[in-house]
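Below is one structure, written out as structure tokens; comments come after it.
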Amino acid sequence: MVYYYNDKNYLCCENIILDDIVNEYKSPFYVYSKLEIVSKIKFLKDIFSDIKNFNIMYAVKAESNINILKIIIDAGCGVDVVSIWEIYRYLKAGGEAKNIVFSGVGKTSEEIESAMKLNIKCFNIESINEAIRINSIANKLNKKVNCSFRINPNVDALTHHKITTGIYGNKFGISVETFRENIDFIKSLNNLEVNTLSMHIGSQMLDFIPFRDAISVMRYFINEVRGYGFNIEHFDIGGGYGICYHKDNEKEIKTFNFDMFKSECVSILKDMNISIATEPGRFIVGEAGALISRVEYIKEELGRKYVILNSAMNDYMRIALYDSYNTILPLKRKDSFDTYDFAGPVCETTDFFAYNRKSYKLEEGDYVAIIDVGAYGASMSSNYNSRGLPIQVLIDNNSHKIIRKEQSFENLIDSELL
């Protein structure tokens, strides 16, 4: 476990006692474990070790701080991006354009042209109209660009309905039927070099079976597409490997079964004798992060106890957006317990972090860590209620440093004009 209690009941990350640093950084603030990020990358490389030509393309949207991206780069990973600004972040962190795959259903002409001039690795095409646009811009620039078509294999990822992406009715990708119907037209787009097919069926997946089923669909479809004359050399299987958010024994814990994934899925990929890529985001950074918050008030009302934190839904959106679950741990645990609703200060009914949650007893002025928030935490934070974005801190063994400073009021309104 990344965040653990020492023998004096203080919550730690790597070799840092978190209670020791709460006076150095203005709360709420995010902390990240560098060791956890590096360990997860190594773990995935081991899982796919039977694949001769394998690449990790980190999904930048999960956490895009340039210091985190620098860790990703140093670990030998490329990136999957969904905006030109994510490309610029990656390049600023020291990445190379040749390691960028540009995905997303709504790439603008300006984004496509800018990425094309940078000579990125590949465009991941998600509609026929996008293919037309990319081909037209490539023709204007007198380029032939590497492309992948994201295929929707119509496989249910068995995850939350708001984060499933691989069944018909989702906005993502192109169905097998649509691709077949447009084979001749796609072949006529002379500025596209279609050498990759990809898929991504969902996020926070805890069952390997949908992966196996989707890979099986794609295995046969890749052979079919080769029969149409396309030289498909690469297969991008997407990401979506789930992490464990339940770490306090309140509910049954279920984690992604990588042993079965390796035996049932990686074995198929190996037999395909093709270059394989995967696009994890949450799996790499999710468990590395925690949001440190102070207890402002403990409010008792009609038999309920509300812990009012100084962090809010603008700092961490996933619970309000998806009714998701995150474990909440005090930085100093006590011997007694109580039951609380954990709420934030924002003027929204959905500004809650937990309901009816059993917890170590808390008092006003205590600090808690909302853990497993490294993915889609800071990257989805906003200035709602004119609140500044939270500080970000990187922990590396015995050291810690700011990787995003406090946002001042002047910075908050800098782009507004009177």
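Each residue takes its place number in the sequence, starting with 1. The structure displayed is predicted, hence computed values, not measured ones.
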key: Contact summary for S216 and I268, nearest pair of heavy atoms   = OG-CD1, 3.9 Å

remark   = To the nearest 0.5 Å, atom NZ of K34 lies from atom CD1 of I68 at 10.0 Å

task = Answer yes or no: does atom CG of N142 have more than 12 heavy-atom neighbours from other residues, nucleotides or ligands under 6.0 Å?
result = no

ask   = What is the distance from atom CD1 of I51 to atom CE of M272, rounded to the nearest 0.5 Å?
value = 9.5 Å

message = Distance to the ring centre below 6.0 angstrom and angle to the axis at most 45 degrees; does that hold for R333 and Y5?
response = yes

request  = Please list all pairs passing the side-chain hydrogen bond (donor to acceptor under 3.5 Å, both in side chains) test where one or both residues lie in residues 225-237, with sequence neighbours left out.
outcome  = E224-Y228, N231-E233, H234-S275

key: By salt bridge (Lys or Arg N to Asp or Glu O under 4.0 Å) - contacts of E111 (at least two apart)   = none

message = Assess the residue pair N124 and S198 against the criterion (side-chain hydrogen bond (donor to acceptor under 3.5 Å, both in side chains)); give the C-alpha distance rounded to whole Å, side-chain angles, the decisive distance to 0.1 Å, and a yes or no.
response = CA-CA 8 Å; N124 199 5; S198 67; 2.8 Å; yes

request  = Taking the six-membered ring for Trp and the full ring for Phe, Tyr or His, determine whether the centres of Y306 and Y340 are under 6.0 Å apart.
outcome  = no

request  = Report yes or no: is the cationic atom of K332 (NZ for Lys, CZ for Arg) under 6.0 Å from the centre of the six-membered ring of Y367, at an angle within 45° of the ring normal?
outcome  = no

ask   = Side-chain contact, heavy-atom cut-off 4.5 Å: T255 with L206?
value = no

key: Main-chain N/O of I186 paired with N182 side-chain donor or acceptor, under 3.5 Å   = no

request  = Can you see which heavy atom on G281 is nearest to which on A59, and at what distance?
outcome  = CA-CB, 3.9 Å

inquiry  = Applying side-chain hydrogen bond (donor to acceptor under 3.5 Å, both in side chains), can you list everything that pairs with S114, at least two apart in sequence or on another chain?
reply    = none

task = Spell out, as yes or no, whether a donor-acceptor pair under 3.5 Å connects the side chain of N139 to the backbone of N135.
result = no

task = Indicate yes or no: at least one non-hydrogen side-chain atom of L309 is less than 4.5 angstrom from one of P28.
result = no

task = Test side-chain contact (heavy atoms from CB on, under 4.5 Å) on I120 and M116 and set out the steps.
result = CA-CA 6 Å; I120 67 168; M116 207 172 284; over 6 Å; no

task = List the atom of I137, the atom of S109, and the distance in Å for their closest heavy-atom pair.
result = CD1-O, 3.7 Å

task = Scan F43, F208, F48 and name whichever one has a ring pair (Phe, Tyr, Trp, His ring centres under 6.0 Å) with F258.
result = F43

inquiry  = Could you walk me through whether Y30 and Y316 satisfy the ring-ring contact (aromatic ring centres under 6.0 Å, His included) test, starting with their C-alpha distance in whole Å, then the side-chain angles of each, then the deciding distance to 0.1 Å, before giving a yes or no?
reply    = CA-CA 10 Å; Y30 279 93; Y316 183 61; 7.1 Å; no

ask   = What's the shortest heavy-atom distance between E130 and E126, and which atoms?
value = OE1-N, 3.0 Å

note = Value for CG (L331) from CG (L18), rounded to nearest 0.5 Å, stands at 5.5 Å

ring-ring contact (aromatic ring centres under 6.0 Å, His included) against Y4, all qualifying residues, sequence neighbours excluded = none

inquiry  = Within the 3.5 Å criterion, strictly below it, is a donor on E348 or Y384 matched to an acceptor on the partner's side chain?
reply    = yes

request  = With sequence neighbours left out, write down each residue that passes salt bridge (Lys or Arg N to Asp or Glu O under 4.0 Å) with D19, or none if nothing qualifies.
outcome  = none

message = Keeping S324 on the side-chain end and R318 on the backbone end, is there a donor-acceptor pair under 3.5 Å?
response = yes

Heavy-atom side-chain proximity of V295 to I308 below 4.5 angstrom = no

Test: K107 cationic atom under 6.0 Å from F123 six-membered ring centre, within 45° of axis = no

inquiry  = Tell me whether S64 contacts the main-chain N or O of K61 through its side chain, where contact means a donor paired with an acceptor under 3.5 Å.
reply    = no

message = Using a 6.0 Å cut-off, check whether atom NZ of K262 has over 12 heavy atoms from anything other than its own residue.
response = yes

ask   = When you measure from the side chain of D351 to the backbone N and O of M313, does any donor-acceptor pair fall under 3.5 Å?
value = yes

Whether Q392 side chain and F29 backbone form a donor-acceptor pair below 3.5 Å = no

query = Has the side chain of R387 got a donor or acceptor atom that lies under 3.5 Å from a matching backbone atom of N314?
reply = no

Option among D80, L69, N65 that satisfies the side-chain contact (heavy atoms from CB on, under 4.5 Å) test with V60 = L69

query = Is there a side-chain contact between D213 and V217, using heavy atoms and a 4.5 Å cut-off?
reply = no

inquiry  = Could you tell me if the side chain of D341 sits less than 4.5 Å from the side chain of K305, heavy atoms only?
reply    = no

request  = Determine, for K40 against E287, whether the closest basic-nitrogen to carboxylate-oxygen distance falls under 4.0 angstrom.
outcome  = yes

message = Take a 6.0 Å sphere around NZ of K144 and say whether it holds more than 12 heavy atoms from other residues, nucleotides or ligands.
response = yes

key: Any donor-acceptor N/O pair, T196 side chain to C122 backbone, under 3.5 Å   = no

key: Exam field: side chain R150 to backbone H200, donor-acceptor pair closer than 3.5 Å   = yes

message = Tell me the closest heavy-atom pair linking L35 and E14, and the distance in Å.
response = N-OE2, 2.9 Å

task = Identify, with sequence neighbours excluded, every residue that meets ring-ring contact (aromatic ring centres under 6.0 Å, His included) alongside F352.
result = Y355

key: Set of residues satisfying salt bridge (Lys or Arg N to Asp or Glu O under 4.0 Å) with respect to E113, sequence neighbours excluded   = K117, K140

task = Could you pull out the closest heavy-atom pair between Y3 and A288, with the gap in Å?
result = OH-O, 2.7 Å

request  = Calculate, to the nearest 0.5 Å, the distance between atoms CD1 and CD1 belonging to I201 and I215 respectively.
outcome  = 8.0 Å

ask   = Below 4.5 Å, heavy atoms only, C-beta onward: do F261 and N257 meet side chain to side chain?
value = no

Donor-acceptor contacts under 3.5 Å from residues 394-403 side chains, at least two apart:
unit_1 : atom_1 : unit_2 : atom_2 : d
N397   : OD1    : N15    : ND2    : 2.4
S399   : OG     : D396   : O      : 2.9
H400   : ND1    : Y25    : OH     : 2.6

Side-chain donor or acceptor of E279 paired with backbone N/O of M57 under 3.5 Å = no

Partner residues of K405 under the salt bridge (Lys or Arg N to Asp or Glu O under 4.0 Å) criterion, sequence neighbours left out = none

ask   = Is there side-chain contact between L321 and Y376, with at least one heavy-atom pair below 4.5 Å?
value = no

ask   = When rounded to the nearest 0.5 angstrom, what is the spacing between OG in S293 and CG in D366?
value = 12.5 Å

remark   = The side-chain hydrogen bond (donor to acceptor under 3.5 Å, both in side chains) partners of T278 (sequence neighbours excluded) come to Y241

request  = Kindly indicate whether the side chain of T178, heavy atoms from C-beta on, has any atom under 4.5 Å from the side chain of I128.
outcome  = yes

query = Who passes side-chain hydrogen bond (donor to acceptor under 3.5 Å, both in side chains) against D50, sequence neighbours left out?
reply = none

Enumerate, atom names and distances included, each donor-acceptor pair closer than 3.5 Å involving a side-chain atom of residues 409-418, sequence neighbours excluded.
unit_1 : atom_1 : unit_2 : atom_2 : d
N411   : OD1    : Q407   : NE2    : 3.1

